[in-house]
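For reference, the structure discussed in these notes is given below.
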Amino acid sequence: MKPVGLISAGVLLLLLGTVPPMYAQEDKHEQEAKPQKQEQQAKPEKQQQRAKPAKQEQQQAKGQQQGQQKQQQQAKGQQQQQGKQQQQQQAKSSKQEQQQQTKGQQGQKQQQQQAKSSKQEHVQQVKGQQHEQVQGQWAHNGQKDSRGHEYNESRFGREHHARFESSGGRYYSGRREYSYGGYWFYAGAYPPWFYQQDVYFVMGEDGLWYAVAYDNPSLTFQVDID
């Protein structure tokens, strides 16, 4: 029985002797693994610390870019506003120039009309004077010519002017005759002005008949009556 007891005690001691080293190895492995785990935990923090300045720089760059874009937009808006103001000023200046030109043209037109009216008045005055000068040469109302044709102011004179054509009237006995005041008047030849303006017929104090230009009583020539 003693040898068996001794063997059992020896085995127990052997087991007790081997246990501590095993625990020691496990502690060693745990201690070695712990720094690695700490390093792995510290690594993301370092990466985050490194990434944080880069992100800030990106945000700053983005903010600067947005600021530049805003400044460009403001400058563009100012340019557009200035261009619009210039266009409005140019349009206003053009409108004023057109108004001034229109006023000038209207003034010139009024001056021309006034000059034309003055000229017409002068011509009418001259015509009236000429008519008064020659009026004394015409026969009085009711006077008759040598062939018995009576002069009547209700049918002859300045108040009964008419326009004649070279192909008008009638062609009779080799001559061109024109009806006027109930009679047929004719001449061997007619002056050009006879067909270019109104004409009236009148009898002179001498008992002869005359064609007279309405616009210029000084233009007269003798005609015959049928």
Atom CD of residue position Q96 - does it have more than 12 heavy atoms of other residues, nucleotides or ligands inside 6.0 Å?
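Yes, enclosed.
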Are more than 12 heavy atoms, taken from residues, nucleotides or ligands other than E159, located less than 6.0 Å from that residue's CD atom?
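Not buried by this count: 12 neighbours or fewer within 6.0 Å.
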Which pair of non-hydrogen atoms, one from [X] and one from [Y], has the smallest distance, and what is that distance?
X: E150; Y: R155; result: O-NH2, 3.9 Å
X: Q222; Y: L208; result: NE2-CD1, 3.7 Å
X: Q143; Y: M203; result: O-CE, 3.2 Å
X: F194; Y: A211; result: CE1-CB, 4.2 Å
X: D215; Y: Q197; result: CB-OE1, 3.6 Å
X: A139; Y: G204; result: CB-O, 3.5 Å

Euclidean distance, [Y] [atom2] relative to [X] [atom1], rounded to 0.5 Å:
X: Q100; Y: Q98; atom1: CD; atom2: CD; answer: 11.0 Å
X: Q71; Y: Q68; atom1: CD; atom2: CD; answer: 7.0 Å
X: K95; Y: Q88; atom1: NZ; atom2: CD; answer: 12.5 Å

Start with the C-alpha distance between F164 and F201, add both sets of side-chain angles, then the distance that settles ring pair (Phe, Tyr, Trp, His ring centres under 6.0 Å), and finish with yes or no.
CA-CA 12 Å; F164 299 98; F201 292 93; 5.7 Å; yes
Which residue pairs pass the side chain to side chain donor-acceptor pair (under 3.5 Å) test with at least one member in residues 168-193, sequence neighbours excluded?
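Every side chain to side chain donor-acceptor pair (under 3.5 Å) pair that includes a residue of residues 168-193, provided the two are not neighbours, is R170-E177, R175-E177, Y178-Y195.
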R147 side chain to I225 backbone, donor-acceptor under 3.5 Å
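Confirmed, R147 side chain pairs with I225 backbone.
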What class does the angle between the rings of Y214 and H161 fall in, given that below 30° is parallel, 30 to 60° is tilted and above 60° is perpendicular?
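Because their plane-to-plane angle lies in the 30° to 60° range, the rings of Y214 and H161 count as tilted.
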Does any non-hydrogen side-chain atom of [Y] lie less than 4.5 Å from one of [X]?
X: R158; Y: Y200; answer: yes
X: L219; Y: V212; answer: no
X: Y151; Y: V202; answer: yes

Apply side-chain contact (heavy atoms from CB on, under 4.5 Å) to residues K70 and Q74 and explain how you reach the verdict.
CA-CA 6 Å; K70 188 175 181 180; Q74 290 177 351; 3.7 Å; yes
Strictly under 6.0 Å, is that where the ring centroids of W138 and F156 end up?
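Ring centroids of W138 and F156 are no less than 6.0 Å from each other.
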